[in-house]
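These notes concern the structure reproduced below.
Computation of the quantities below employed the complete heavy-atom set of this structure, encompassing side-chain atoms and omitting hydrogens, waters and symmetry-equivalent molecules. Remember, it's 1-based here, ligands and their atoms both numbered in the order they're listed.
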Amino acid sequence: MDLMEKVVSLCKRRGFIFPNSEIYGGNQGFYDFGPLGVEMKNNLKRLWWKWMTIEHENIVGIDGAIITHPKVWEASGHIKSFVDPLSECKKCHHRFKQDDLKENKCPDCGGELTEPRNYNILMETSLGVIEGEKVKAYLRGEACQTIYLDFKNVLQSSRLKVPFGICQIGKAFRNEVTPGNFLFRQREFEQWDLQWFCHPSEMEKYFEYWKEERMKFYQDLFTHPENLDFFQHVKLAFYAKKAFDIQYKASPFDGKEMEGIHWRSDWDLSRHGEYSGADLSYTDPLTNEKFIPNIVETSGGVDRTFLFLLVDAYCEEDDRIILKLNPKVAPYKVAIFPLLANKEDLVKKAKEIYLSLKSGMAVTLDERGNIGKRYYSQDEIGTPWCVTVDFQTLEDNTVTIRDRDTAKQERLPVDKLTQHFQNLLK
Ligand code: GAP
């Protein structure tokens, strides 16, 4: 099995990710997050939200609707330009995104490829119930459009002044013609976006600032930060003036995009102003200068980050599988074991410790099998610390704490545990 197969298998086996509609044979490009997956994903989203909004006095958040007025996608340019150029192999009829082709022949059978054809990947739906009166609408192809639509509302309902930022974590939908590579290219996925509104003269400065800041965010999360890199786009999206990706450069992804930092200039607000008739300009309260704010966008994939983090943390030592996840991201922070499952006093004490830690952090109680199997099982899901309640605990109220990555053990009084783990999680 290669690394990707191992990660996919672990995700299913341990309840991180399930194929959507599996009992019906699956639903290509759609996945469900299982009990451990949703814990880890929520951890990620909380970290991002704290880093982006709570720690910045001039950034606020919104949570916009998935379906907007259909004209939004005309104004944004997506109806015309949100296309994937695809080539088909004349021999095996497999289809490939132009971006994925290294040479002009079929990567599967070497056959000749057709000229690329453009497919629009906006996902359509219809509003209303009466046939003939239904209105065509779109599931948002990128989450950021709702931020532009709410730009004026946020400005008028807060005391923010340009420069300021609006954040959002939300779903986006794309009718990808070639979904695949597990969570990497899905048809429904989640994005975390910052749209930073600034004066045109400050665009370059903030573009550089956010590029570096976002890299720091990811470097702090990854087990191997050296696997992250910037990639500068030469071929730009239809709205972008300058674009960098933060990419994951290790195998099996070898330089695939996790987040895009885009210089969107005044494209979005100008177009929405033009199509809606609304005045989306800003007047500086000090200078009275009126201008359309320029936008630096940082738009990342929550699911891609999730996937790259798993791949980056996956490790095998002898016959052990270890997910060396950053403790802040790991689904459980601590697992608590009674040394023996059939000793009532040990089980009772372990439950007591579990209950005392549970309100402050995600913890789990494990009584199955022997200690070795329990360590193995927790290592495989990335739990950074295991606490064992043994006979000495009943005498002196101390427990052993075993560290996932070093396998080192230390003994600590039970009443110091909460503080101990909270310090480690800072
Ligand atoms: N608003 C800009 C925008 O949407 P993008 O580069 O198309 O830019 C941003 O998307 C991020 O969304 C990507 O870096 C990637 O992490 C994630 N993403 C894009 N398409 C995806 C897909 N089909 N499946 C999973 N994640 C995707």
Checklist line | Ligand-residue contact atoms, ligand 1 with Glu142, heavy atoms, under 4.0 Å | finding: 1 (N), 2 (C), 3 (C), 4 (O)

Next item on the list: Pick one of side chain, backbone, both or neither for how Arg185 approaches ligand 1, counting any non-hydrogen atom pair under 4.0 Å.
Entry: both

Margin query: Holding to side chain to side chain donor-acceptor pair (under 3.5 Å), I want the full list of residues that pass it with His69, two or more places apart in sequence or in another chain.
Written below: none

Next item on the list: Check each of Arg304, Glu190, Gln191 against atom 10 (O) of ligand 1 and report the one with the nearest heavy atom.
Entry: Gln191

Next item on the list: Determine, considering heavy atoms only, which of Phe184, Phe189, Phe173 sits nearest to atom 18 (N) of ligand 1.
Entry: Phe189

Note to self: What I'd like to find out is whether the side chain of Leu307 reaches to under 4.5 Å of the side chain of Phe253, using heavy atoms alone.
What the structure shows: yes

Next item on the list: Would you check if the side chain of Arg304 reaches a backbone N or O of Glu259 as a donor-acceptor pair within less than 3.5 Å?
Entry: no

Margin query: Less than 4.5 Å apart, side chain to side chain, heavy atoms only: is that true for Glu257 and Phe231?
Written below: no

Check: Of all the atoms in ligand 1, which lie at a distance below 4.0 Å from a heavy atom belonging to Glu259?
Finding: 14 (O)

Item checked: Ligand-side contact atoms (ligand 1) for residue partner Leu183, heavy atom cut-off under 4.0 Å -> 25 (C)

Next item on the list: Could you tell me whether Ser299 approaches ligand 1 through its side chain, its backbone, both or neither, with non-hydrogen atoms closer than 4.0 Å?
Entry: both

Note to self: Quiz question: by atom type and distance under 3.5 Å, do the side chains of Ser265 and Asn294 form a donor-acceptor pair?
What the structure shows: no

Note to self: Which residue in the set Ile353, Val363, Ile336, Val334 passes side chain to side chain contact (heavy atoms under 4.5 Å, CB included) when paired with Leu417?
What the structure shows: Ile353

Checklist line | Options Glu297, Arg140, Glu257, Gln186, ranked by nearest heavy atom to atom 14 (O) of ligand 1, top entry | finding: Glu257

Next item on the list: Identify which of Arg174, Gln195, Glu176 has a heavy atom lying nearest to atom 7 (O) of ligand 1.
Entry: Arg174

Note to self: Applying a heavy-atom cut-off of 4.0 Å, say which part of His262 lies close to ligand 1: side chain, backbone, both or neither.
What the structure shows: side chain

Note to self: Does the plane of the ring in His78 sit parallel, tilted or perpendicular to the ring in Trp73? Use 30° and 60° as the thresholds.
What the structure shows: perpendicular

Check: Where does Lys256 meet ligand 1, judged by heavy-atom distances below 4.0 Å: at the side chain, the backbone, both, or neither?
Finding: neither

Check: Can Lys333 be said to sit on top of Phe421's aromatic six-ring, NZ or CZ under 6.0 Å from centre and within 45° of the ring axis?
Finding: no

Notebook entry, point to check: Should Gly301 be counted as touching ligand 1, given the test is an N or O pair under 3.5 Å?
Noted result: yes

Notebook entry, point to check: What atoms in ligand 1 come closer than 4.0 Å to a heavy atom of Arg264?
Noted result: 1 (N), 2 (C)

Next item on the list: Can you sort out which atoms of ligand 1 are near Cys144, meaning under 4.0 Å from one of its heavy atoms?
Entry: 1 (N)

Check: Who pairs with Phe197 by ring-ring contact (aromatic ring centres under 6.0 Å, His included), at least two apart in sequence or on another chain?
Finding: Phe151, Phe164

Check: On the ring face of Phe244, is Lys211 found with NZ or CZ under 6.0 Å from the centre and within 45° of the axis?
Finding: yes

Notebook entry, point to check: Is the closest heavy-atom distance from Val302 to ligand 1 below 4.0 Å?
Noted result: no

